[in-house]
There are 2 protein chains.
Amino acid sequence: MTVTIKDVAKRAGVSPSTVSRVISNHPRISEETSLRVRKVMDEIGYHPNMMAKSLVSRTTSTIAVILPRPADELFQNLFFSEVIRGIVTQSTRSGYDLLMATGTTEREELETVTRLVRGRRVDGILLLYSRANDPVIAMLKEADFPFAIIGRNEDYPDILTIDNDNVQASYDATRHLISQGHERIGFVSGPPNLIVSRDRLAGYTKAVREARLPVRSDWIVEGEFLQESGYRAMSLLMGLPERPTALVVVDDVVTFGILCGLVELGYSVPKDIALVSFNNIVFSELATPPISSIDIGIYQLGYTASQELIRFIQHEHPSHALRHIIPHRLVVRESSLRRS
Amino acid sequence: MTVTIKDVAKRAGVSPSTVSRVISNHPRISEETSLRVRKVMDEIGYHPNMMAKSLVSRTTSTIAVILPRPADELFQNLFFSEVIRGIVTQSTRSGYDLLMATGTTEREELETVTRLVRGRRVDGILLLYSRANDPVIAMLKEADFPFAIIGRNEDYPDILTIDNDNVQASYDATRHLISQGHERIGFVSGPPNLIVSRDRLAGYTKAVREARLPVRSDWIVEGEFLQESGYRAMSLLMGLPERPTALVVVDDVVTFGILCGLVELGYSVPKDIALVSFNNIVFSELATPPISSIDIGIYQLGYTASQELIRFIQHEHPSHALRHIIPHRLVVRESSLRRS
DNA sequence: CTGAAAGCGCTTACAG
DNA sequence: CTGAAAGCGCTTACAG
């Protein structure tokens with residue numbers, strides 16, 4: 001039924017070895033033979049069996065991206081499609097297929113990745129999350145298998161990472177509020193165990209300190225990457241006897257929650273409270289008022305991650321850097337402008 | 001280096017055939033042997049080579065999902081992550097891996113799918129879009145390869161499809177506006193070549209006709225699934241000498257554009273114009289005012305599509321239905337409520 | 001420049 | 001219940 005290399009060989013009057021060499025553009029094959037073989041391949045509709053090729057070559061031309069478990073980091077949904085689009089675009093361009101995998105529990109996740117790695121199912125792994133003490137990362141290191149992570153990881157200094165400079169980004173956001181004349185600036189953070197939360201908090205603190213403004217612990221609220229979290233943070237902050245006049249918010253979705261709450265309570269943005277946020281998702285622009293946000297280059301993050309992972313796979317010993325920083329950019333909109 | 005079935009066999013004192021049978025739970029293997037072999041597998045860390053297995057079994061335990069090209073149907077981004085999550089959850093649960101592929105041009109798209117199909121890279125294909133006269137579908141039919149499409153396709157009656165009843169959904173949305181006392185209802189549509197646009201228009205028309213209200217062509221505007229489109233539609237409609245008092249809008253993102261435009265021009269929703277939309281994306285709830293929307297069960301769409309495709313793959317001749325309808329549900333919010 | 005042969009790691013009739 | 005053998009479709013030294 002299926003057309004194999006043998007069928008091509010027979011029809012072209014050569015050996016299977018020769019056909020194989022034609023396919024892989026072996027240099028020592030005559031132009032003439034090559035042309036004849038290619039013609040036959042077209043005629044009888046030959047397509048190489050990827051599985052057979054993989055088995056003998058020990059490569060798969062496939063990378064796997066591991067999604068965060070639904071339970072955690074649901075916020076990823078927001079940039080999920082953008083990162084994936086970046087990854088799939090670049091991997092396709094490099095001739096690699098993309099496998100998506102996930103697990104519902106930590107154990108399942110580890111099992112899945114182990115199966116892919118040990119079963120030689122893929123050539124590299126891309127982790128779409130960054131947790132501390134991750135057994136998956138430990139396993140990948142142990143197996144000496146090519147992988148990259150989007151985000152930063154403090155446990156290992158020598159792994160391939162693609163990330164933003166979140167400290168600097170948050171510093172920039174805070175500086176912007178200061179330049180608008182704010183002196184009482186709060187910070188609404190995400191889960192404290194995530195590195196991204198910590199980095200953004202650090203940048204905020206740095207900017208506030210530098211400007212000799214107060215860093216007050218009651219103006220720093222932790223939560224999840226959910227709108228409900230924003231709502232709660234807002235209630236807390238607005239209930240204080242001394243309130244901030246501006247907030248740096250760790251994620252656009254959280255800002256949405258804050259905004260809704262403020263509107264409900266009859267406050268006005270940016271007059272009563274100014275907001276700057278992160279990620280610059282499409283809807284930041286569509287909010288009322290439009291939200292100022294740090295664009296972190298989500299697509300770029302995915303594109304670069306795929307590129308660097310594949311580069312790593314192809315040159316056994318990577319000569320280039322392990323840590324890659326995607327530039328960010330503050331997009332100023334109405335939510336942070338001081339009305340004069 | 002890698003542990004193979006032979007290593008296990010040697011260590012367990014059996015033949016490779018026996019090990020293979022243990023792995024596949026062959027019934028005629030003694031409990032004792034099975035246990036011994038499994039123990040050895042654990043001890044030396046055996047993981048089956050998926051490629052070798054695929055080569056001989058002619059199955060891959062993998063399905064591919066084909067993304068719409070960036071150029072078209074960008075709106076898919078919005079439900080993209082939800083559909084994918086549904087698909088990946090279900091396929092993982094069924095023991096299938098998920099491959100993602102796409103192409104930048106129609107030709108590239110066809111080539112990619114052909115390579116996957118003819119190269120026996122996957123066991124089934126899931127198309128995430130529904131176009132008329134699609135050469136990819138023609139090829140899949142011709143090759144008699146298992147595939148399913150999310151959406152409806154009129155070219156072939158006998159293919160596996162997973163869709164909403166968009167006519168009914170739109171009918172329901174329109175009825176809701178009528179029940180709120182509206183008699184002048186317009187429709188903002190998507191690209192006319194997409195079946196989803198046509199179906200939703202049909203449902204709207206049906207409801208309006210049935211209520212003996214006017215169906216006016218100047219109240220029906222076509223566009224893209226983009227906010228800019230909504231903005232433009234709004235300008236057009238509000239510039240009419242006789243304006244509608246309510247709109248059914250084909251997609252939430254378009255509604256965002258409409259809403260922004262209305263706010264800019266000083267109109268109020270729902271007082272001046274009521275809105276009902278489709279998809280019920282997270283941000284519908286967060287808009288000011290919150291947008292009434294038809295929840296089309298995006299996750300469910302993906303979950304069911306994966307389930308039916310895999311079922312199809314596993315039973316050569318499917319005894320069950322080919323067309324699957326995911327139920328929808330109107331979520332009423334402020335944007336469509338008539339203030340009394 | 002090309003071919004015959006061995007082998008990648010598994011499965012599966014066939015035979016016992 | 002288990003083993004020896006053939007084979008899935010390819011690649012790649014080795015030899016010429």
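For the numbers below, each heavy atom of this structure counts, side chains included, while hydrogens, waters and symmetry mates do not. All values derive from a computational prediction rather than experimental measurement. Chain A is the first sequence line, chain B the second, and so forth, proteins listed ahead of strands; every chain is numbered from 1.
Among residues two or more places apart in sequence or in another chain, the side-chain hydrogen bond (donor to acceptor under 3.5 Å, both in side chains) test is passed with A:Ser54 by none. Residues meeting the side-chain hydrogen bond (donor to acceptor under 3.5 Å, both in side chains) test with B:Asp163, sequence neighbours left out: none. Scored by the side-chain hydrogen bond (donor to acceptor under 3.5 Å, both in side chains) test, A:Thr112 finds no partners at all (sequence neighbours excluded). Scored by the side-chain hydrogen bond (donor to acceptor under 3.5 Å, both in side chains) test, A:Glu106 finds no partners at all (sequence neighbours excluded). Listed by chain and number, the residues in a side chain to side chain contact (heavy atoms under 4.5 Å, CB included) with B:Pro48 are B:Tyr46 (sequence neighbours excluded).
The distance between atom CD1 of A:Ile5 and atom P of C:dA5, rounded to the nearest whole Å, is 17 Å. Rounding to whole angstrom units, CZ of residue A:Arg36 and P of C:dT2 are separated by 8 Å.
Residues in residues 44-61 of chain A take part in no salt bridge (charged side-chain N to carboxylate O under 4.0 Å, His left out) pair, two or more places apart or across chains. Within the structure, every pair that satisfies the salt bridge (charged side-chain N to carboxylate O under 4.0 Å, His left out) test and touches residues 151-160 of chain B, not counting sequence neighbours, is listed here: B:Lys141-B:Asp158, B:Arg152-B:Glu154, B:Arg152-B:Asp199, B:Glu154-B:Arg198. Within the structure, salt bridge (charged side-chain N to carboxylate O under 4.0 Å, His left out) contacts touching residues 93-105 of chain A (residues at least two apart or in different chains) are A:Asp97-B:Arg115, A:Asp97-B:Arg121. Listed by first and then second residue, the salt bridge (charged side-chain N to carboxylate O under 4.0 Å, His left out) pairs that reach into residues 30-40 of chain B are B:Lys39-B:Glu43, sequence neighbours excluded.
Scanning all heavy atoms of the two residues, the minimum distance from A:Ser306 to A:Gln90 falls at OG-CG, 2.8 Å.
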Exercise for the section: Taking Watson-Crick and G-U wobble pairs with both distances under 3.5 Å, convert DNA chain D into its dot-bracket string, 5' to 3', dots for unpaired and | for cross-strand pairs. Expected result: |||.||||||||.|||

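Atoms CG and CZ, on B:Leu160 and B:Phe147 in that order, are 8.5 Å from each other to the nearest 0.5 Å.
For residues 40-51 of chain B, proximity to DNA chain D is found at no residue, defined as any non-hydrogen atom under 4.0 angstrom from a strand atom. Listed by residue number, A:Ser17, A:Ser20, A:Arg21 are the residues of residues 17-24 of chain A with a heavy-atom contact under 4.0 Å to DNA chain D.
Here, D:dT12 and D:dG16 have their C1' atoms 16 Å apart, quoted to the whole Å.
Within the 4.0 angstrom heavy-atom criterion, no nucleotide atom of any strand lies near A:Ser54.
Where B:Leu55 and B:Ser34 each meet DNA chain D at their nearest nucleotide, the meeting point lying more 5' is that of B:Ser34.
When each of C:dA4, D:dG3, D:dT2 is scored by its nearest atom to the side-chain atoms of B:Ser15, the top-ranked nucleotide is D:dG3.
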